[in-house]
Structure formats: C-alpha cells, structure tokens
Amino acid sequence: MKPQQIKVMFFLLAVISALIVQILGVQNVQPNTTLLCPKKTALDTVAGCFEAVKLASGNDTRLLTRECCQAVKALPECLLIVYPTRALNTLIFKAICVKKFPGSTL
C-alpha cells in the first residue's frame with residue numbers, strides 16, 4: 001500500500017469513529033466506586049483473615065480457616081482490594097472457601 005492510501009484510510013477511520021461516538025451519544029462515564037468493598041469488613045473481626053485472603057488470591061490457602069471463610073461469606077458482592085494494583089470480586093474468595101472446605105455450611 002502506498003503512503004497516501006494509508007493516510008486516507010486512517011483519516012476515514014477517524015471520521016467513522018467520530019460519527020459512531022456522536023450517534024451513540026457517549027456520555028462522560030465515570031467509574032463506579034460503590035463497587036469497592038468498604039474499608040472495614042467482616043475480615044477485620046478474624047485475626048489474620050485479610051492476610052490469608054491475600055495469600056488465597058495467589059492460590060496459597062494454607063492460612064485460610066473456617067472462621068475466616070465465615071467472615072468471607074458475610075462480605076457483600078464487591079471488589080476487595082488485596083494489593084494496591086489488584087482488586088478481586090468477593091465471589092472468588094467465597095468459591096475458594098467452598099473448595100477448601102467442601103460440604104461445610106459456610
């Protein structure tokens with residue numbers, strides 16, 4: 001392809017993209033911070049539970065106890081920040097607890 005053709009294609013792509021955005025009426029979308037878990041959770045009531053959950057996010061469930069899993073069960077569905085750059089849905093931790101303690105009424 002000639003450089004002139006490439007320039008025309010990029011220009012048309014930009015025009016079409018702008019028209020699509022205008023037609024769809026894209027609004028100023030801001031992240032919904034209500035999806036994040038509250039800073040104080042049931043995990044704080046069980047000693048070492050938050051650390052156990054952090055380790056469980058990396059497939060290390062050695063420190064996860066039944067009491068900690070009871071606290072995990074009490075969490076609402078939200079994003080738990082386990083590391084500054086990593087937030088996971090609490091459903092993941094609930095599934096980890098069910099897998100670690102099968103048959104229990106967590």
Side-chain angles (χ1 to χ4, degrees):
M1 241 186 207
K2 295 179 183 178
Q4 183 70 19
Q5 291 173 322
I6 293 173
K7 289 179 184 178
V8 170
M9 285 179 54
F10 278 118
F11 175 75
L12 290 175
L13 180 64
V15 169
I16 292 170
S17 298
L19 288 173
I20 290 173
V21 168
Q22 186 178 11
I23 290 170
L24 294 177
V26 175
Q27 302 169 1
N28 184 13
V29 179
Q30 297 192 2
N32 185 358
T33 56
T34 59
L35 295 176
L36 295 177
C37 292
K39 292 188 186 235
K40 278 292 215 184
T41 65
L43 300 181
D44 299 326
T45 62
V46 179
C49 187
F50 184 73
E51 289 301 317
V53 167
K54 278 175 60 173
L55 289 174
S57 71
N59 294 327
D60 183 0
T61 60
R62 290 177 292 155
L63 299 178
L64 211 53
T65 63
R66 286 187 187 275
E67 294 79 22
C68 183
C69 282
Q70 289 286 352
V72 168
K73 182 183 177 190
L75 293 174
E77 185 180 345
C78 55
L79 295 176
L80 183 66
I81 299 174
V82 290
Y83 293 103
T85 59
R86 190 172 188 190
L88 298 172
N89 193 303
T90 53
L91 292 176
I92 294 169
F93 299 113
K94 291 176 185 182
I96 290 171
C97 283
V98 168
K99 186 176 179 182
K100 172 135 185 190
F101 301 108
S104 64
T105 57
L106 298 173

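Numbering of residues begins at 1 and proceeds along the displayed sequence. Any value given below was found using the heavy atoms of this structure, including those in side chains, with hydrogens, waters and symmetry copies removed. These numbers come from a predicted model, not from an experiment.
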Remaining members of the apolar cluster that contains Val46, side-chain heavy atoms under 4.5 Å: none
Stepwise side-chain contact (heavy atoms from CB on, under 4.5 Å) check, Cys69 with Lys100: CA-CA 9 Å; Cys69 282; Lys100 172 135 185 190; 5.6 Å; no
Joint hydrophobic cluster, Leu55 plus Val82, side-chain heavy atoms closer than 4.5 Å: no
hydrophobic_cluster_shared for Leu64 and Leu88, side chain cutoff 4.5 Å: yes
Heavy-atom closest contact (Leu91 atom, Asn89 atom, distance): N-OD1, 2.8 Å
CD1 on Ile96 to CG on Asp60, rounded to 0.5 Å: 10.5 Å
Residues in side-chain hydrogen bond (donor to acceptor under 3.5 Å, both in side chains) contact with Asp44, at least two apart in sequence or another chain: none
Close side-chain approach of Phe93 and Leu80, heavy atoms under 4.5 Å: yes
Glu77 backbone acceptor or donor facing Lys94 side chain under 3.5 Å: no
Over 12 non-hydrogen atoms of neighbours within 6.0 angstrom of CZ in Phe11: no
From CA spacing to verdict: disulfide (SG to SG under 2.5 Å), Cys97, Cys68: CA-CA 9 Å; Cys97 283; Cys68 183; over 6 Å; no
Heavy-atom pair with the smallest gap, counting every atom of Tyr83 and Lys54: CE2-CE, 3.6 Å
Hydrophobic cluster identity match, Phe50 and Leu75, side-chain contacts under 4.5 Å: yes
OG1 on Thr45 to CG on Leu43, rounded to 0.5 Å: 7.5 Å
Atom CD1 of Ile81 with >12 non-hydrogen neighbours under 6.0 angstrom: no
Donor-acceptor contact present, side-chain Gln5 to main-chain Lys2, <3.5 Å: yes
